[in-house]
Amino acid sequence: MNVEVSVSPLAGLPAPVGAHELAWSYLLDAVMADAHRRGLGALRVSVPEASLKADMHLRAALSRRERQAAEGPGVGAALLGSERVLPADATRLYSLEFGLLASGALRRVRTETRGWRLEEHLSVYCLSARLWGGPIRAAALLGRTDLGDRAMFGMRRAFASKHRHPAFYHLCIWGRA
Amino acid sequence: MNEPARLAQALVNLDAWLETMRQEGGYGGPVAHWWQNRYRYTGPGLDWRYEGVLIGYVTLRQKTYAPRWCARLRCAAEDLLAGQGADGSYRASSFEMNPRSLGTPHEAAATLGLLSALPYLEDKRQALEAAKRNLDNLIAKLWDGRGFNDRPGVSGRVPNKLATLAQALMTYAVVSGDDHYLPYARAALEDVLRYQVTGGRFDGAVHQYAPGAGRGDGRFFPFYAARCVPPLVLASTIFLEPRYRAAAERILGFIRRSMSPDGSWPQIVYGGGQQADWPRWLAGSADILLAYGTLGEELPAAALERLLGSQLPSGGFPTAQGFSSQISQRAPVGPPDYRDVTPVVGWNDKVLRLLAELLEAGTQLPEAKVGEVTASVTVCGKRAALYENNYHMSICPEHGDVLYAWGKDKPWAQTVGVGVEVR
């Protein structure tokens with residue numbers, strides 16, 4: 001698979017650290033795993049910042065195989081940054097939308113999806129995970145590291161879902177209708 | 001079966017399973033860990049799995065002379081050399097946070113394995129140069145002028161990782177005769193000692209983390225404390241200072257006191273007196289047992305029996321007991337969590353290393369006797385079954401769609417369902 005990665009910054013997007021770093025690990029893995037499974041011949045990815053470009057290139061390198069079945073002609077387009085123009089030859093689309101937990105400006109970022117059929121959805125950094133922040137902070141104030149650790153794992157368990165939940169990120173995977 | 005024969009059989013069975021976990025670029029597979037899990041990325045991880053794999057196969061080669069062990073360790077070394085970037089880092093070296101490079105202590109652990117294998121490699125100079133590039137990169141990225149951070153630009157000390165790094169730096173000096181890394185090793189070790197508890201109920205324990213390189217966080221992991229023992233023992237011989245060995249012995253005291261009667265250890269002993277009892281390591285307990293052996297102490301029989309008794313029909317060892325209780329910390333009931341049963345290369349390498357260490361020299365090794373695995377598990381509390389054979393791993397619920405499917409030659413799992421992708 002030939003993978004090209006470009007950067008198209010999104011104003012107001014939090015840096016990929018902490019919970020957002022975890023979120024991007026879900027998002028980039030979902031895109032690369034699907035593209036690899038589909039046997040796409042090419043994948044064009046637009047990410048919102050430079051560190052994510054390196055992360056995507058790493059996944060591309062790890063997915064490359066010397067001995068592999070012939071790749072198909074399919075072309076994937078992963079629109080994860082501000083760039084939302086769809087390549088004309090795209091046969092698979094990965095679009096990143098922003099949900100309730102994101103700013104108004106980010107929520108207005110949209111991709112034209114007429115002619116596409118939604119096949120998979122991933123909600124990442126869900127509200128239910130964010131709500132564990134309260135118990136985590138309370139545990140810290142009480143000096144109860146043990147409770148904070150348990151709450152942190154509760155947060156992790158609620159972090160992502162294949163259903164549409166209130167969340168910061170929504171990754172939609174589309175096939176041609 | 002008598003004990004030496006049982007151990008030998010366990011070893012060859014584990015080796016057979018490890019071979020099924022190889023794909024292009026190295027040893028792959030999902031990862032279950034206390035910190036995070038990775039079931040979607042299943043490609044090679046050039047991380048601490050190479051410490052135990054390389055040292056284990058070196059030890060087997062030394063004790064049995066069988067040519068296949070040389071072939072194994074050369075193959076593993078080649079994985080690291082082929083997967084090294086221009087800056088010296090290894091690709092996908094972050095174990096439970098893969099794919100990501102600059103993994104700690106993982107890159108140091110892998111380099112330690114590479115250095116240990118040096119005498120058996122065809123191009124020793126190439127391997128030594130690769131090790132040097134890796135260590136130079138770790139110093140460039142993590143050294144802050146006084147000690148080593150865990151991430152570039154973020155001040156903090158993780159003592160068990162510093163111990164592994166020190167061990168790699170000292171081992172480089174031993175195999176190369178070049179001691180220019182030794183001051184860095186000593187700085188790392190001094191931080192290990194700085195974060196060791198002296199006196200009181202937790203005497204010998206080592207703090208897990210010191211944010212800002214300040215006070216320790218009051219989390220004491222028996223597993224991570226045990227990983228400090230071999231580096232400290234090595235340091236006592238390199239620097240001719242008995243205080244390093246004394247520190248290692250005090251760690252073992254903490255490990256002894258925290259062991260449960262069934263031969264398991266809690267995940268964390270907190271400074272406030274609480275414990276995170278679950279999950280309790282199975283395959284990873286091999287490194288705790290290695291600490292006993294490194295200090296010349298008898299291994300606790302209950303712990304060794306618990307480990308050997310857990311081996312799966314495939315030859316792999318399961319990861320833990322009690323992942324389902326990670327949040328509640330109530331004693332687990334019913335079938336194990338899928339993460340408990342999943343055999344992970346980066347835990348099994350420790351078993352390989354331990355069993356190779358325990359094997360008597362000159363032992364005639366038997367043929368491997370392995371088979372498929374079918375295990376009842378739970379995923380988010382719902383019953384399912386985990387299947388594994390030489391080519392495939394899957395998790396299927398009693399009703400509904402397949403939750404997990406991975407072809408062992410693939411860098412990405414084909415199916416990762418709800419509940420399995422918890423990170």
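What you see below is based on every heavy atom in this structure, not just the backbone, and it leaves out hydrogens, waters and symmetry mates. Every chain is numbered from 1 and lettered A, B, ... according to where its sequence line falls, protein lines coming before strand lines.
Annotation: side chain of A/Leu62 is not in contact with side chain of B/Pro411 (no heavy-atom distance under 4.5 Å). When side chains are defined from C-beta on, A/His36 counts as touching B/Lys410, because their heavy atoms get closer than 4.5 Å.
Within the 4.5 angstrom heavy-atom criterion, atoms from both the backbone and the side chain of A/Ala33 approach chain B. The parts of B/Ala92 that come within reach of chain A are both its backbone and its side chain, each placing non-hydrogen atoms under 4.5 angstrom from that chain. Using a 4.5 Å cut-off between heavy atoms, A/Ala158 does not touch chain B at all. Within the 4.5 angstrom heavy-atom criterion, atoms from both the backbone and the side chain of B/Ser101 approach chain A. In this structure, the portions of B/Trp34 lying under 4.5 Å from any heavy atom of chain A include both its backbone and its side chain. Residue A/Leu22 touches chain B through its side chain alone, counting heavy-atom pairs closer than 4.5 Å. At a 4.5 Å heavy-atom cutoff, the contact between B/Asp409 and chain A is made by backbone atoms alone. Using a 4.5 Å cut-off between heavy atoms, A/Asp29 touches chain B through backbone and side chain atoms alike. Looking at B/Gln414, both its backbone and its side chain come within 4.5 Å of chain A, counting heavy atoms on both sides.
Between atom CG of residue A/Asp34 and atom CZ of residue B/Arg40 there is a gap of 8.5 Å, rounded to the nearest 0.5 Å. Interatomic distance, A/Leu147 CG to B/Gln329 CD, rounded to the nearest 0.5 Å: 10.0 Å.
Within a 6.0 Å radius of CZ in B/Arg383, other residues, nucleotides and ligands contribute 12 heavy atoms or fewer. In this structure, A/Arg137 places its CZ atom where only 12 or fewer heavy-atom neighbours from other residues, nucleotides or ligands lie under 6.0 Å away. No more than 12 heavy atoms of other residues, nucleotides or ligands shown are found within 6.0 angstrom of CZ on B/Arg330. Within a 6.0 Å radius of NZ in B/Lys382, no more than 12 heavy atoms belonging to other residues, nucleotides or ligands are found. Remark: B/Arg215 CZ is loosely packed, at most 12 non-hydrogen atoms of other residues, nucleotides or ligands lying under 6.0 Å away.
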Assess whether side-chain contact (heavy atoms from CB on, under 4.5 Å) is satisfied between B/Arg100 and A/Arg59, documenting all intermediate values. CA-CA 9 Å; B/Arg100 198 178 82 163; A/Arg59 283 159 174 79; over 6 Å; no

Does the pair B/Trp412 and A/Arg37 meet the rule for a side-chain contact (heavy atoms from CB on, under 4.5 Å), with working shown? CA-CA 8 Å; B/Trp412 300 98; A/Arg37 184 167 62 92; over 6 Å; no

Trace of the side-chain contact (heavy atoms from CB on, under 4.5 Å) decision for A/Phe159 with B/Val422: CA-CA 8 Å; A/Phe159 199 81; B/Val422 171; over 6 Å; no

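Note on A/Arg157 versus B/Glu421: no salt bridge recorded, every NZ/NE/NH1/NH2 to OD/OE distance being 4.0 Å or above. Ion pairing of B/Arg219 with A/Asp149 is present here, as a side-chain N (NZ or NE/NH1/NH2) and a carboxylate O approach within less than 4.0 Å.
For the set B/Gln274, B/Met97, B/Arg91, B/Gln36, the count of heavy-atom pairs under 4.5 angstrom toward chain A peaks at B/Gln274. Most heavy-atom pairs under 4.5 Å with chain A, from the set B/Gly417, B/Gly419, B/Ser328: that is B/Ser328. Across A/Arg144, A/Arg156, A/Met32, the residue that shares the most heavy-atom pairs under 4.5 angstrom with chain B is A/Arg156.
The two atoms that bring A/Arg64 and B/Glu24 nearest to each other are O-OE2, 4.3 Å, heavy atoms only. Closest non-hydrogen pair, B/Trp35 versus A/Phe153, comes out as O-CE2, 3.9 Å.
Under a cutoff of 6.0 Å and an axis angle of 45°, B/Arg423 and A/Tyr26 form a cation-pi pair.
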